[in-house]
J.: 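Dropping the structure in here first, questions after.
Labels below follow one simple rule: chain letters A, B, ... track the order of the sequence lines, proteins then strands, and each chain is numbered from 1.
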Number of protein chains: 2
Amino acid sequence: MSSAYRPQDLETIVETYEDGFSGRKTAEIVGISYRQLDYWARTDLVRPSLADAKGSGSRRRYSYRDLLELKVIKQLLDAGLKLESVRDVFAYLRESLGEDIATANLVINGKNSVVVASGDELIDVLNAGQGVFNVLALGGVKDDLDAAIVELRPTPAASPAAEPDLDAEAPPASAV
Amino acid sequence: MSSAYRPQDLETIVETYEDGFSGRKTAEIVGISYRQLDYWARTDLVRPSLADAKGSGSRRRYSYRDLLELKVIKQLLDAGLKLESVRDVFAYLRESLGEDIATANLVINGKNSVVVASGDELIDVLNAGQGVFNVLALGGVKDDLDAAIVELRPTPAASPAAEPDLDAEAPPASAV
DNA sequence: TAGGCGGATGACACCGGTGAAACTACCCCG
DNA sequence: CGGGGTAGTTTCACCGGTGTCATCCGCCTA
């Protein structure tokens with residue numbers, strides 16, 4: 001899928017982030033503005049789990065999992081969801097996210113209902129229910145995130161290997 | 001499904017609306033505020049197709065199809081979509097809406113892509129694509145709308161047959 | 001210990017969406 | 001033909017989310 005990099009690269013790169021990701025870097029990787037990241041932290045949507053801000057001069061530190069959540073949020077926003085409903089989603093979602101990310105689908109129905117199904121279950125859910133469903137394949141989110149981490153890896157002056165440009169943006173619309 | 005009324009009732013009732021639905025009535029039936037209806041008309045989201053407003057004191061007249069569109073919009077908003085993306089959707093959707101409403105599904109992907117698939121096609125699309133999909137079964141929308149029209153039919157004083165009270169609010173969430 | 005720099009914070013503005021209330025025009029009935 | 005009620009229009013205001021800029025603070029390095 002996403003650009004050509006040896007999977008091992010990701011591990012290596014992530015190791016260099018053992019203290020977590022800074023606010024600005026996080027925003028850059030996830031593809032959101034620093035203002036958004038800041039606002040979301042203040043309003044308890046996603047707080048940096050490694051180190052929270054405590055007064056001016058302190059530093060937020062985001063974990064890889066934080067980035068994952070942030071990326072999911074960005075996807076939902078890009079899909080046209082209101083930030084408000086994203087909040088509702090994460091109120092429920094947080095615990096169930098994390099294990100089988102590669103295959104799981106996030107299904108949002110109405111304002112409260114949130115489900116993580118996998119594969120065929122999804123179809124049953126869609127057939128059964130009413131109203132609007134928002135479906136997000138989590139595997140793609142992780143892929144995007146990993147690709148972005150690789151693209152935006154540190155030491156920008158010491159890696160002339162591959163051009164770190166392009167395809168860091170939107171996953172092609174494909175089908176549809 | 002929704003309360004007990006003979007299907008013929010709907011036709012009869014709709015006939016009494018041959019001049020179309022007034023703004024207030026439309027808002028009531030669709031389940032939105034008059035303010036929203038007004039704002040949407042001003043900002044070209046849904047204009048009353050039978051008679052538009054021209055100066056204070058004039059009257060807007062909405063067609064049944066207008067109500068259908070409005071109901072779809074309401075569903076999307078209830079699902080947590082931003083009004084902005086609803087606008088994008090309707091820029092494309094308008095022509096394809098109308099024929100096979102009962103079975104069609106509205107699929108929204110990203111900001112631009114809009115598709116109306118039916119039945120199994122839907123599943124293919126979901127498997128193929130990336131990102132977030134918003135799926136809306138249009139049949140349910142029509143059912144809800146029809147039920148609301150029956151509930152809120154005119155001549156509230158002249159129809160002692162069935163008590164036209166209660167459950168005039170939200171069409172039961174059922175399923176889900 | 002003194003700078004300097006990265007980054008959190010605060011203040012301000014702006015825009016979209018909506019509620020509330022005042023204003024106004026049309027229609028119908030007497 | 002005039003009054004009243006109904007309904008559309010207009011204005012004011014608020015809130016959430018975000019951009020921008022200025023400020024302030026703490027850590028790190030020299």
J.: Rounding to an integer number of Å, can you tell me how far Lys82(B) NZ sits from dT18(C) C1'?
T.: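 About 17 Å, once rounded to whole Å.
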J.: Which one, dG8(D), dG17(D), dT9(C), comes nearest to the side chain of Arg87(A)?
T.: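 So the nucleotide nearest the side chain must be dG17(D).
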J.: Between Arg60(A) and Asp38(A) (salt bridge meaning N to carboxylate O under 4.0 Å), is one present in this structure?
T.: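 Yes, this pair counts.
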J.: Using side-chain contact (heavy atoms from CB on, under 4.5 Å), reason through Phe21(B) and Asp66(B) one step at a time and then give a plain yes or no.
T.: CA-CA 9 Å; Phe21(B) 301 80; Asp66(B) 292 336; over 6 Å; no
J.: Could you go through the side-chain contact (heavy atoms from CB on, under 4.5 Å) check for Leu67(B) and Tyr62(B) one step at a time?
T.: CA-CA 7 Å; Leu67(B) 299 204; Tyr62(B) 289 87; 4.1 Å; yes
J.: Atom CD of Glu28(A) and atom C1' of dG7(C): how far apart are they, to the nearest Å?
T.: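 Taking atom C1' of dG7(C) as the reference, CD of Glu28(A) is at 15 Å.
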J.: Would you say Val132(B) and Asn109(B) make side-chain contact, with heavy atoms under 4.5 Å?
T.: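 Sidechains of Asn109(B) and Val132(B): no contact.
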J.: Below 4.0 angstrom, N of the basic side chain to O of the carboxylate: do Glu28(A) and Arg24(A) qualify?
T.: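 Result for this pair is no, no salt bridge flagged.
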J.: Take Gln75(B) and Asp144(B) through the test side-chain contact (heavy atoms from CB on, under 4.5 Å) and record every step on the way to the result.
T.: CA-CA 10 Å; Gln75(B) 294 277 332; Asp144(B) 283 0; 3.5 Å; yes
J.: Whole Å only: how far is the CZ atom of Arg61(B) from the C1' atom of dC27(C)?
T.: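 Atom-to-atom, Arg61(B) to dC27(C), this comes out as 12 Å.
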J.: By the definition side-chain contact (heavy atoms from CB on, under 4.5 Å), identify the one residue from Val135(A), Leu76(A), Val86(A) that meets it with Ile108(A).
T.: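 Of the listed options, the one satisfying the test is Leu76(A).
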J.: Tell me the interatomic distance from Tyr62(B), atom OH, to dG8(D), atom P, rounded to whole angstroms.
T.: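 Result: 8 Å.
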J.: Can you check whether Ser56(A) has a side-chain N or O nearer than 4.0 Å to OP1 or OP2 of dT23(D)?
T.: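 The answer is no; no side-chain N or O of Ser56(A) sits under 4.0 Å from OP1 or OP2.
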J.: Using a cut-off of less than 4.0 Å, is there contact between a side-chain N or O of Arg60(B) and OP1 or OP2 of dT9(D)?
T.: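 For dT9(D), OP1/OP2 do have a side-chain N/O of Arg60(B) under 4.0 Å.
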J.: Which residue lies toward the 5' end of DNA chain D, Ser58(A) or Ser22(B), if each is placed at its nearest nucleotide?
T.: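 Closer to the 5' end of DNA chain D: Ser22(B).
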J.: Between protein and nucleic acid, restricted to nucleotides 3-5 of chain C and to nitrogen or oxygen atoms under 3.5 Å apart, what atom pairs and distances do you find?
T.:
none

J.: Would you jot down, in residue-number order, the residues of residues 31-49 of chain B having a non-hydrogen atom under 4.0 Å from DNA chain D?
T.: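 Those residues are Tyr34(B), Arg35(B), Asp38(B), Arg42(B).
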J.: Whole angstrom is fine here: how far is it from CD in Glu84(B) over to P in dT18(D)?
T.: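 Between P of dT18(D) and CD of Glu84(B): 11 Å.
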J.: So Trp40(B) and Leu83(B), do their side chains get closer than 4.5 Å, heavy atoms only?
T.: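 Yes. Closest side-chain heavy atoms under 4.5 Å.
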J.: Taking CG from Leu50(A) and P from dG7(C), how many angstroms apart are they, rounded to a whole number?
T.: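 Rounded to the whole Å, the gap is 15 Å.
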J.: Quick one: do Asp146(B) and Tyr64(B) satisfy side-chain contact (heavy atoms from CB on, under 4.5 Å)? Show the steps, please.
T.: CA-CA 10 Å; Asp146(B) 292 347; Tyr64(B) 177 82; 2.4 Å; yes
J.: Write down the distance between CG (Leu76(A)) and C1' (dG17(D)), rounded to a whole number of angstrom.
T.: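 Whole-Å distance recorded here is 17 Å.
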